[in-house]
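Quick note on labels: first sequence line is chain A, next is B, and so on, each numbered from 1. None of these values were measured; they are calculated from a predicted model.
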Amino acid sequence: MSQNAWIVAALPLASFLLIAAGARRSERASAWLTIISIGLGAGISGLVLAEVAGGARVQQSFAWLPLSGAFGLSLGFQVDPLTATMLVVVTSVSLLVQIYSLGYMRGDAGYSRYFAAMSLFTFSMLGLVLANSLLTIYLFWELVGLCSYLLIGHWHERPEAAAAAKKAFIVTRFGDFAFLLGILFLYWHAGTVDFTGLEQAAAAGRIPAAALTVGMLLVFCGAVGKSAQFPLHVWLPDAMEGPTPVSALIHAATMVAAGVYLMARTSPLLEHSATAMLVVAGVGGFTAIFAATMGLVANDIKRVLAYSTVSQLGYMMLAIGLGAMAAGVFHLFNHAFFKALLFLCAGSVIHLMNTNDMFEMGGLRRQRPLAFWATTIAALSLAGVFPLSGFWSKDEILAAASAQPLLFAAALVTVFLTATYMFRVIFLTFLGSPRGHAHEHPEPVSMAIPLAVLIVPSILTGLLGAPMVGNPLGSFLEGQAAHAEFDPTVAALSTAVALGGILFAWALYGGGKTEPAARLAAQFRPAHQLLVNRYYMDHLYDWLVRRVVLGIGWIANRIDLGLIDWMVNSVGAAAVAAGGSLRRIQSGQVQTYAWAFFAGAVTLAVVAAWPMLMGTR
Amino acid sequence: MSFLSCPFPALVCNPFGLARDGIYGLLAAIVPEPLPTVALTVLGIAMLIAIIALTVMSQVWVERRAVAFLQERLGPNRVGPAGVLQSVADVLKLLLKEDLIPFKADRATFVVAPLVVLVPSLSVWSLIPWGPGLAIADVNVGILLVLAIGSFTTLGILAAGWASANKYSLLGGMRVAAQLISYEVPLVVSALVPVLWAGTASLQGIIESQATVWNVFVLPVGPIAFLVFLIAGIAEVNRSPFDLPEAESEIVAGFHTEYSGMRFALFFLAEYSNSLAIGALAAVLFLGGWQGPILPPYVWLFFKAYAVFLILVWIRGTLPRLRYDQLMHFGWKVALPISLVTLGATAVLVSAVQGTAA
Amino acid sequence: MVIPMELLVAGGFYTFAAAAIAGAISLIIARNVFHSALFLTLTLASAGGVFVILGADFLAAVQLLIYVGAVMILILFGLMLTPQDVELPNLSTPGQAISGAIVAAAIFVVSAATLLSAQWSGTAAEPSDVATTEQIGVSLFTTFVLPFEIASVLFLVAMIGAIVIARER
Amino acid sequence: MPPSLPPLYPITLQHGLLLGAALFSVGLAGVLAKRNAIVILMAVEVMLNGVNVTFVAFAGYLQPPVLTGQVFAVFVIAVAAAEAAVGLAIIIAIYRLRQTVQVDKADELRG
């Protein structure tokens with residue numbers, strides 16, 4: 001099966017094409033085509049994973065554009081433990097989200113379009129995971145970006161959604177551009193874009209150390225854009241304008257994971273550059289704490305989850321930057337499930353309340369018990385409370401970071417903040433008394449099933465990396481028996497900190513009351529304002545564009561008008577003066593010009609061929 | 001050679017081949033090469049033209065009777081038994097009519113135009129193989145050449161419409177031109193499907209590639225390509241429901257309004273010859289050409305071509321005429337995309353079969 | 001007596017060449033634009049015949065299919081959409097016409113003299129007559145894949161451009 | 001070597017090249033002398049055909065056979081088709097604007 005792993009990606013593509021070709025006329029057909037194709041893909045992914053666990057490795061490519069000489073482009077795919085793991089994550093989360101969408105999107109005008117885009121997106125993500133070269137990955141990378149644009153802007157008639165879609169597209173473009181430069185740069189130095197070729201070149205020292213650092217940093221820029229790392233994180237919270245299942249799939253479990261996946265995929269290269277690793281770890285650690293603080297004050301439930309995603313992605317980057325690729329991927333794996341679960345629960349309550357604002361919710365525990373319990377489990381997992389899945393992966397990262405005091409401190413503070421904002425969500429949304437006004441309608445079964453199913457991996461997947469069972473996932477990914485980086489002290493410390501965070505949240509919002517929090521906010525008004533305004537990052541970018549870019553433009557305009565135009569005008573005036581005397585030649589008759597042209601050609605030919613015609617040569 | 005399966009004496013199974021060999025032997029004894037070959041070719045062409053002319057007369061009668069039957073009328077039934085001699089009478093009438101050339105017409109173009117229409121439509125027949133080794137010319141780009149020669153028709157019709165110095169004729173001519181170039185694209189593209197399948201553009205090669213299964217039955221592309229070919233073919237020969245160029249009610253018979261007598265008969269001859277040629281091409285490309293059991297090859301090809309012609313008659317008797325915008329819409333937005341997708345699918349299938357994809 | 005094949009080929013070549021050149025000259029001389037177009041068809045079809053003799057069967061078919069089937073129809077359409085006023089003389093001013101003819105004749109003389117005096121090495125006595133369709137296809141998709149792609153982009157641009165320019169506003 | 005005419009037959013490379021040159025020159029004469037834009041376009045097609053004949057002649061007579069000439073002829077035909085489409089579009093646009101297709105009437109750029 002792994003020989004034909006490309007089928008996994010081809011299935012959603014086929015469903016997209018079928019929907020586009022005609023199935024779009026039937027909403028039912030569109031939805032079920034998508035679900036069936038991804039379901040089949042999930043099944044195949046499972047088989048592939050089993051085979052890869054049994055030692056199978058695939059590496060296939062065919063010439064796409066065989067140009068002359070050594071230059072040519074090829075497309076191909078590869079299957080190794082990382083790919084197999086990601087295939088399973090992408091297909092299974094995607095499948096559950098599609099099933100959830102069946103109910104969530106019911107009655108939407110763009111129902112078929114939604115599923116078509118979802119199919120295309122799943123195809124792109126799977127292609128990205130299967131890619132065996134930077135070029136192929138870039139191809140799907142851009143497709144993923146496009147799909148994200150389409151899905152965020154699904155409700156394009158709403159100006160905010162359209163703006164958010166554009167923002168996501170444009171902001172990630174900055175990173176993508178650097179990524180492309182990085183690919184070209186690495187190709188220039190290594191002569192190949194295949195991962196295996198690049199790894200060999202790096203291992204053999206054929207790429208100069210400085211070049212590798214620059215190349216990897218450029219590639220990392222791409223990951224920064226797609227995985228919403230500081231300073232390109234601004235698009236992700238806005239992207240919550242899309243339908244909630246989209247947020248669950250794209251902005252929690254898969255697309256933003258593309259950046260992390262890219263860094264994991266290129267981690268053998270990254271390991272050759274200490275500087276690049278330090279930058280990756282630094283950006284990751286900073287993003288983790290930076291985003292978590294903003295999550296503390298957001299009122300939109302989905303935005304809190306978005307900041308949480310950014311923060312957790314920072315964790316993963318931190319792990320990869322520290323050389324603990326397996327730990328990062330492990331966290332990615334766990335995070336995909338519990339974050340999808342969180343988003344779907346959020347979708348469930350939004351569906352009920354028709355608002356995103358947590359201050360208009362409250363007391364929903366009775367109306368949505370399943371969502372309440374699922375959220376609680378997922379939040380505990382996210383906060384890293386023993387023995388849920390998040391605990392294991394987070395502790396592995398913390399253990400890896402323990403050698404770097406600064407990063408370790410940042411990670412630990414983030415644990416505290418994470419626990420706080422997650423339980424703030426639970427207290428405000430589910431506990432206390434209702435502040436809003438519910439539009440009671442029964443929850444569709446198709447929305448309940450994914451919630452119930454996702455609870456299982458949110459609890460259990462941690463065991464795949466647990467030290468008691470010998471960290472099987474880590475060994476699988478690293479290709480060798482990985483020593484479980486588990487430090488009981490660190491584990492105890494982080495659990496304690498997480499519990500502290502929960503208690504802090506209780507103190508502020510416990511039982512659904514909001515007065516203590518408001519008092520605290522008033523007390524630390526400047527800090528609160530800073531957080532509410534998202535560190536003024538959007539304002540900063542706005543200011544940058546408005547003042548700096550336009551200012552430079554204004555100056556350039558002055559120079560252009562005053563100096564360059566003057567020069568050009570002078571040249572022009574001279575030409576006009578000269579042309580005044582020559583203008584009689586310009587009859588405006590194109591034929592005359594053509595005549596002159598050919599007469600000149602004949603003259604030249606005769607002059608050139610004269611010796612030959614005379615027989616002297 | 002599949003005609004070996006023909007159980008009748010060689011004179012029945014392969015009379016043309018025998019005659020050819022006999023005459024060649026006779027000539028070769030008297031005159032040097034290449035004169036016998038040239039003479040034989042000229043003879044073959046003459047014979048073919050005679051056969052086509054006779055066939056067209058039969059086609060006209062069959063069409064009138066068939067349409068009459070479909071519309072519960074009697075149709076021609078006075079001249080000869082069941083009216084079979086009606087066509088002969090019509091031909092005589094046309095030949096005896098006065099040959100008019102409008103005063104304002106462009107005389108030279110007016111006279112040449114019917115020939116520009118007729119000659120290519122007859123030339124096409126020289127490329128159609130009637131049996132193994134039985135074609136006046138077997139060239140390796142056969143199908144392309146057939147389609148290329150066919151495109152002269154457009155030119156002739158356009159010239160006829162222009163030369164008549166009549167607004168309606170001009171409009172009719174332009175309508176034909178627009179219709180023909182629109183439908184030529186799906187026609188060519190769907191004709192390329194058998195070419196890809198056979199790996200050759202030679203008509204004989206395409207026929208031989210269908211020894212086991214006819215192209216029309218090659219799933220899933222065969223039937224679709226055949227259908228598109230048939231529809232585009234109907235449009236190419238301006239037959240109902242695509243007969244807008246001669247829509248009497250709209251533009252007074254279109255490009256041949258001003259033509260009468262002999263010249264009109266030439267257009268008539270060309271149109272029916274083209275209808276049968278489309279049938280023969282469909283037979284060659286999709287229905288196995290001259291291949292078939294028991295009967296001699298030339299009979300098979302004739303049957304198949306005539307059968308397709310009968311389908312055209314049936315369609316004419318059944319469907320109403322399309323509106324012009326519907327025609328264009330169908331040609332560019334339905335037929336062309338379908339034929340392109342079919343061609344692409346065929347390419348994928350062929351490379352999958354040959355195992356050259358990876 | 002045996003008539004050599006070469007003579008037949010030569011006869012065909014001269015017939016087609018004469019028709020092509022006669023058509024081209026008539027195109028210029030003709031007073032009526034429509035006649036010019038018909039003469040152009042003659043030239044193009046004859047050039048197709050020359051292609052056959054020079055061993056390019058596929059190209060001959062393409063020539064007929066594209067020129068006669070498409071370009072000529074396009075030109076005739078253009079003609080009919082732009083009613084021609086016949087009062088004006090169809091040639092430019094005499095000076096322009098005569099000097100143009102002189103330059104064209106000079107071009108012919110120079111190129112003919114050059115190609116007749118050149119030493120052509122590495123040429124065959126007869127045109128190679130091989131089935132070339134497949135080889136043309138293969139080289140289009142391998143050696144000339146870049147020009148091929150560029151040509152397809154050119155088509156796209158030309159198509160859009162023609163629509164935009166000719167559209168009634 | 002002074003120029004000398006090739007023999008009447010067999011047909012050689014030079015025959016083809018001569019025909020190409022002749023077509024090119026006649027077409028050029030048309031381009032330079034006619035005043036109707038559509039006829040000029042037709043004359044350009046003749047010139048392109050002259051070039052094509054040259055290409056095909058080279059492709060046919062070069063030894064060992066090289067198909068580059070034929071491939072280029074294919075490109076020339078393709079480009080000629082595109083040129084005809086755009087050229088006619090321009091001519092039609094000019095006609096709409098000025099009610100004429102005589103090129104010597106379009107001399108807006110006269111100095």
Side-chain angles (χ1 to χ4, degrees), chain C residues 6-7 9-10 13 17 20-21 24-25 27-28 33 36 40 43 47 50-51 54-56 59 62 66 70-71 74-75 78-79 81-82 88 90-92 97 100-101 104 107-108 111-113 115-117 120 122-124 127-128 132 135-136 139-140 144 147 151 154-155 158 161-162 165-166, chain D residues 1-5 8-11 13-19 21-23 25-30 32-36 38-39 42 45-46 49 53 56-57 59-63 65 67 70-71 73-75 77-82 84-86 88-93 95 101-102 104:
Chain C
E6 290 165 351
L7 197 60
V9 170
F13 178 83
I21 294 175
I25 293 175
L27 184 164
I28 300 175
V33 186
S36 288
L40 175 60
T43 301
V50 171
F51 287 174
L54 293 177
L59 217 57
V62 169
I66 294 184
V71 174
L74 206 61
I75 288 178
L79 260 178
L81 290 176
T82 55
L88 276 170
N90 62 345
L91 286 177
S92 301
I107 288 256
F108 177 70
S111 47
L115 67 92
L116 288 177
S117 56
W120 296 107
T123 60
S128 49
T132 48
Q135 293 161 26
I136 291 178
S139 52
L140 270 182
F144 297 103
L154 175 84
F155 265 129
I165 294 172
Chain D
M1 197 180 96
S4 60
L5 278 178
L8 208 54
Y9 77 96
I11 299 299
L13 173 61
Q14 279 144 324
H15 289 87
L17 297 186
L18 268 180
L19 175 62
L23 282 178
S25 310
V26 174
L28 177 60
L32 294 184
K34 298 294 277 189
R35 61 165 27 138
N36 186 313
I38 296 181
V39 181
M42 292 192 234
E45 299 290 343
V46 172
N49 252 269
V53 169
V56 171
Y61 282 94
L62 280 185
Q63 213 39 266
L67 278 177
Q70 291 204 21
V71 174
V74 170
F75 284 129
I77 291 179
V79 171
V86 177
L88 282 167
I90 293 174
I91 290 172
I92 290 172
Y95 178 80
V101 292
Q102 309 292 328
D104 48 2

Q) Which atoms of D:Leu88 come close to chain C, meaning under 4.5 Å heavy atom to heavy atom: side chain ones, backbone ones, both, or neither? A) side chain
Q: Carefully, step by step, assess D:Val74 and C:Val62 under the rule side-chain contact (heavy atoms from CB on, under 4.5 Å).
A: CA-CA 8 Å; D:Val74 170; C:Val62 169; 5.5 Å; no
Q. Of the listed residues (C:Ala166, C:Gly100, C:Ala70), which shares the most heavy-atom pairs with chain D below a 4.5 Å separation?
A. C:Ala166
Q: Below 4.5 Å from any heavy atom of chain D, which atoms of C:Ile75 appear? Answer side chain, backbone, both or neither.
A: both
**Q.** Contact summary for D:Val79 and C:Leu154, nearest pair of heavy atoms
**A.** CG2-CD2, 3.8 Å
Q: Walk me through it: do C:Thr43 and D:Glu45 pass the test side-chain contact (heavy atoms from CB on, under 4.5 Å)?
A: CA-CA 10 Å; C:Thr43 301; D:Glu45 299 290 343; over 6 Å; no
**Q.** side-chain contact (heavy atoms from CB on, under 4.5 Å) between D:Val56 and C:Val50, worked out
**A.** CA-CA 9 Å; D:Val56 171; C:Val50 171; over 6 Å; no
Q. Where do D:Ala84 and C:Val71 come nearest, in terms of heavy atoms and distance?
A. CB-CG1, 3.9 Å
Q) Taking C-beta and beyond as the side chain, do D:Val46 and C:Leu27 meet within less than 4.5 Å on heavy atoms? A) yes
Q) If you measure from CD1 on C:Ile136 to CG on D:Leu67, what distance do you get to the nearest 0.5 Å? A) 5.5 Å
Q: Give the minimum heavy-atom separation between D:Ala21 and C:Leu115, together with the two atoms involved.
A: CB-CD2, 4.4 Å
Q: Could you tell me which non-hydrogen atom of D:Leu23 sits nearest to which non-hydrogen atom of C:Ala20, and how far apart they are?
A: CD2-O, 3.9 Å
**Q.** pair C:Leu54-D:Tyr61: side-chain heavy atoms closer than 4.5 Å
**A.** yes
Q | Proximal component of C:Ser36, with respect to chain D [non-hydrogen, under 4.5 Å] | A | both
Q | Region of C:Leu140 that comes under 4.5 Å of a non-hydrogen atom in chain D | A | side chain
**Q.** Region of C:Phe108 that comes under 4.5 Å of a non-hydrogen atom in chain D
**A.** both
Q. How far apart are the closest heavy atoms of C:Gly55 and D:Gln70, and which atoms are they?
A. O-NE2, 3.7 Å
Q: Find the one option among C:Ser111, C:Gly161, C:Ala17, C:Ala101 whose heavy-atom pairs under 4.5 Å with chain D are most numerous.
A: C:Ala17
Q. Can you name the closest pair of heavy atoms from C:Phe13 and D:Gly16 and give their distance?
A. CZ-N, 4.0 Å
(Q) Counting heavy-atom pairs under 4.5 Å with chain C, which one of D:Ile92, D:Asn49, D:Ile91 comes out on top? (A) D:Asn49
Q.
Within the structure provided, determine whether D:Leu19 and C:Ile21 are in side-chain contact (heavy-atom separation under 4.5 Å).
A. yes
